[in-house]
Structure formats: C-alpha cells, structure tokens
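See below for the structure under consideration.
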Amino acid sequence: MDLAVVVVYEILYTIAFLALISAGLAVVFGMMRVVNLAHGEFILLGGYTAIVAHNNLGINLFVSMLVIAPVVVAVFGVVIERLIVRFLYGRLINTMLATWGLSLAMIGSFSLIFGTTTTSVKAPIGSISVGAFNISGYNIFIIASAIGVIALIFAILRFTRAGLVARGAMQNADMATAFGYDASRIYMATFAAGAALAGLAGGILAPLVGIGPNAGSLYIAKAFITVISGGASVVSGLITSSGFFGFVTQIVTFLTNSVIGELGLLVAAIILLRLLPTGISGRFFKNRL
C-alpha cells in the first residue's frame with residue numbers, strides 16, 4: 001500500500017512538473033501561434049530572480065518565487081515582445097530563429113553574471129513519512145502549484161472579460177480592432193502572461209533542481225514536446241499531454257530506470273504525433289479551452 005501511494009505521488013509530481021514548465025509556452029503557442037525557443041531561459045530567469053531576491057535581498061522565499069519571479073520575467077517579456085516578437089507574428093520560422101538567438105544571448109548573459117556552476121536555494125518544506133518511505137513535502141507544494149496555475153489560466157480565459165477579449169483577438173485581430181480594442185496591446189499582454197508563467201515555474205522549481213546557465217535546453221525540450229503534443233487548446237491540451245507523458249515517464253522509470261523513462265517520453269511523443277498530428281486537443285477537444 002505504501003509503495004502504491006509513492007508511485008501515485010511520483011506520477012502526480014511528474015505531471016505537475018511538465019504542466020508547470022509548459023504552461024507559459026502553451027499560452028503563447030496556443031493563443032498566438034508563436035514558438036518561443038527562449039522559453040527555457042525565461043524559466044531560468046525566474047529561477048535566478050527568486051534565488052537572488054531571497055539570498056541577496058533577504059526577501060521571503062515564497063514571495064520571491066510566487067510574486068517577484070513572475071513579475072520580473074513578465075516585464076522582460078514585454079520588452080522582448082515590443083523589441084523583437086511583435087515584428088514577426090505570422091512568420092513562424094523567423095520567430096523561432098529570433099527567439100533561438102535570444103536564447104543564446106541569455107545563456108551567455110547568465111554565464112557572465114552568475115558563473116557556470118549550479119545555483120540553488122534550500123527547499124522551504126521538509127520530507128513527509130509514508131510508511132517505510134519518505135516523500136518530499138515540497139514536491140506536494142509543486143503539485144498544488146500546478147493545479148492552481150491550470151485553474152487560474154482556465155478561470156481567466158473562460159470567465160473574465162480580459163480573457164474573452166484576448167481569445168477573440170487571437171482568432172480575429174481585425175474584428176477586435178473594429179470593436180475598439182488595441183490588438184497590439186493584447187498580443188503584448190498575452191506574451192507577457194506567458195513569460196510570467198515561465199518565471200513562476202522557474203521560481204517554484206529553483207529550490208528543487210537548482211539553476212545553471214545551460215539548463216534551459218532541458219526545460220524547452222520537455223515543454224515543447226508537451227505543448228505540441230497537447231495541441232492548440234491551451235488548458236485541455238496542457239492537462240492531457242502532461243498527464244499522458246507524466247504517467248508514461250514514471251511507469252517506465254519504475255519498471256526500468258530514469259534514463260529509460262526519459263527515452264520513453266520521447267518515444268511516446270513520436271507515436272502520439274504520428275497518430276494525432278494535430279495533438280490530443282485537436283483530435284478530442286476541438287474548440288475548447
């Protein structure tokens with residue numbers, strides 16, 4: 001029984017991890033059709049911000065993770081959208097090349113400022129005993145955070161005026177302009193929201209995995225697979241793809257090892273996209289959030 005609880009816990013944690021690192025990219029890709037290849041570095045920026053705010057400025061760790069990190073990365077996202085991304089909408093390849101270049105520039109900047117070693121901060125929550133096993137209480141916080149992030153995205157897009165206007169502008173910018181809305185500002189705000197979610201993920205994950213200047217490639221790879229496999233629907237795609245890949249990865253890991261588990265995620269993604277080229281939500285959740 002204890003082992004079953006631990007297995008379920010590990011599966012839920014992996015699902016939450018994938019959902020957290022993919023949420024910002026899901027918003028930007030699902031609503032704007034922009035593939036931000038610097039998404040991993042946006043996550044790192046959130047992690048570095050949380051660590052610096054806590055270790056150097058003495059700010060409470062939860063405030064650093066949940067408030068300061070997403071705000072800083074959101075502001076950075078606004079700057080990038082205004083200076084780079086806004087000129088490339090509708091040009092997928094050009095956007096990918098530009099954000100890839102941004103990714104390289106951010107990696108170099110992180111290396112110059114923070115060095116090449118891994119930086120971290122102590123997790124604020126200890127372990128919990130489950131029979132003969134110990135599980136991380138902080139991982140449970142991560143699971144709760146992922147649920148909260150998904151619920152927040154759904155609530156904003158489904159029940160708020162801002163969310164409805166944003167969805168409408170993404171579907172038909174000319175119509176939104178005809179109704180008196182500034183489509184350019186809506187695009188900017190949406191990109192900033194995606195950046196904020198990336199910063200939030202980086203802040204939350206910083207005490208768990210540590211932050212290094214080259215770690216962004218690990219985040220973007222998993223986030224990209226999760227978002228593309230989920231499809232264009234932001235919430236339903238994020239939930240189903242992260243749930244599917246989290247389950248597959250952990251089951252394969254328990255049966256073999258963590259390396260084979262990571263390989264299992266890639267194989268599952270290849271098979272899924274071969275069978276469902278429009279993603280899970282494109283096949284089963286058309287016209288839904």
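Sequential numbering from 1 along the given sequence is applied to the chain's residues.
Between atom CZ of residue Phe42 and atom OG of residue Ser103 there is a gap of 9.5 Å, rounded to the nearest 0.5 Å. The structure places OG1 of Thr249 at 9.0 Å from CZ of Phe244, a figure rounded to the nearest 0.5 Å. Residue Ile280 holds its CD1 atom at 11.0 Å from CG of Leu275, rounded to the nearest 0.5 Å. How far CG of Leu208 is from CD1 of Ile125: 11.0 Å, rounded to the nearest 0.5 Å. Here Ile43 contributes atom CD1 and Leu197 contributes atom CG; the two are 10.0 Å apart, rounded to the nearest 0.5 Å. Of the inter-residue distances, the one linking Leu44 atom CG with Thr49 atom OG1 reads 10.5 Å to the nearest 0.5 angstrom.
Heavy atoms of other residues, nucleotides or ligands lying less than 6.0 angstrom from CZ of Arg33 number more than 12. Other residues, nucleotides and ligands contribute only 12 or fewer heavy atoms inside 6.0 Å of the CZ atom of Phe247.
Taking all atoms of both residues into account, the shortest heavy-atom contact from Ala123 to Pro207 is CA-CB, 3.8 Å. Taking all atoms of both residues into account, the shortest heavy-atom contact from Val234 to Ala26 is CG2-O, 3.9 Å. Residue Ala206 comes nearest to Ile211 through the heavy atom pair CB-CG1, 4.2 Å, listed as atom of the first residue, atom of the second, then distance. Scanning all heavy atoms of the two residues, the minimum distance from Gly203 to Ala50 falls at CA-CB, 3.9 Å. In plain terms, the two heavy atoms of Phe245 and Leu272 that are nearest each other are CZ-CD2, 3.9 Å. Across all their heavy atoms, Phe29 and Gly231 have their closest contact at CE2-O, 4.4 Å.
Between the side chain of Ser229 and the backbone N or O of Thr226, no donor-acceptor pair lies under 3.5 Å. Thr240 places a side-chain N or O within 3.5 Å of a backbone atom of Gly237 that can act as its donor or acceptor partner. A donor-acceptor contact shorter than 3.5 Å is absent between the side chain of Thr95 and the backbone of Val34. Side-chain atoms of Ser136 come within 3.5 Å of backbone N or O of Asn139 as a donor-acceptor pair. The backbone N or O of Ile21 lies less than 3.5 Å from a partner atom in the side chain of His39, making a donor-acceptor pair. At distances below 3.5 Å, not a single donor-acceptor pair connects side-chain atoms of Thr118 with backbone N or O atoms of Gly212. Side chain of Ser111 to main chain of Ile107: a donor-acceptor pair is present (N/O by atom type, distance under 3.5 Å, no hydrogens or angles). Between the side chain of Arg86 and the backbone N or O of Leu83 there is no donor-acceptor pair closer than 3.5 Å.
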Do any side-chain atoms of residues 55-69 form donor-acceptor pairs under 3.5 angstrom with protein atoms, and if so which ones, sequence neighbours left out?
unit_1: Asn60; atom_1: OD1; unit_2: Phe62; atom_2: N; d: 2.9
unit_1: Asn60; atom_1: OD1; unit_2: Val63; atom_2: N; d: 3.3
unit_1: Ser64; atom_1: OG; unit_2: Asn60; atom_2: O; d: 3.0

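Defined by atom type and a distance below 3.5 Å, a donor-acceptor pair is present between the side-chain atoms of Arg82 and Ser184. When only modelled atom types and interatomic distance are considered, Tyr48 and Glu41 share no side-chain donor-acceptor pair under 3.5 Å.
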Could you walk me through whether Arg167 and Leu164 pass side-chain contact (heavy atoms from CB on, under 4.5 Å), step by step?
CA-CA 5 Å; Arg167 290 165 58 194; Leu164 294 176; 3.5 Å; yes

Before giving the answer on side-chain contact (heavy atoms from CB on, under 4.5 Å), spell out for Tyr187 and Val85 the whole-Å C-alpha distance, their side-chain angles and the decisive distance to 0.1 Å.
CA-CA 10 Å; Tyr187 273 82; Val85 178; over 6 Å; no

Could you check Val78 against Met188 for side-chain contact (heavy atoms from CB on, under 4.5 Å), going step by step and ending with a plain yes or no?
CA-CA 6 Å; Val78 169; Met188 179 186 70; 3.8 Å; yes

Evaluate Thr99 against Val35 for side-chain contact (heavy atoms from CB on, under 4.5 Å), listing each step before the verdict.
CA-CA 8 Å; Thr99 54; Val35 178; over 6 Å; no

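Hydrophobic clustering of Ile, Leu, Val, Met, Phe, Trp and Tyr side chains at less than 4.5 Å, counting indirect connections, unites Val79 with Ile186. A single hydrophobic cluster is not seen to contain both Leu238 and Ile220; linkage of ILVMFWY side chains at heavy-atom distances under 4.5 Å, directly or through other members, places them apart. Grouping the Ile, Leu, Val, Met, Phe, Trp and Tyr side chains by contacts below 4.5 angstrom, directly or via other members, places Met96 apart from Phe87. With hydrophobic clusters built from ILVMFWY side chains whose heavy atoms lie under 4.5 angstrom apart, Val165 shares a cluster with Phe191. Ile84 and Leu25 are not part of a single hydrophobic cluster, where members link through side-chain heavy atoms under 4.5 Å apart.
Looking at Phe110 and Asn214, their side chains never come closer than 4.5 Å, going by heavy atoms from C-beta outward. For the pair Ile11/Ile251, a side-chain contact is recorded, criterion being any heavy-atom separation below 4.5 Å from C-beta on.
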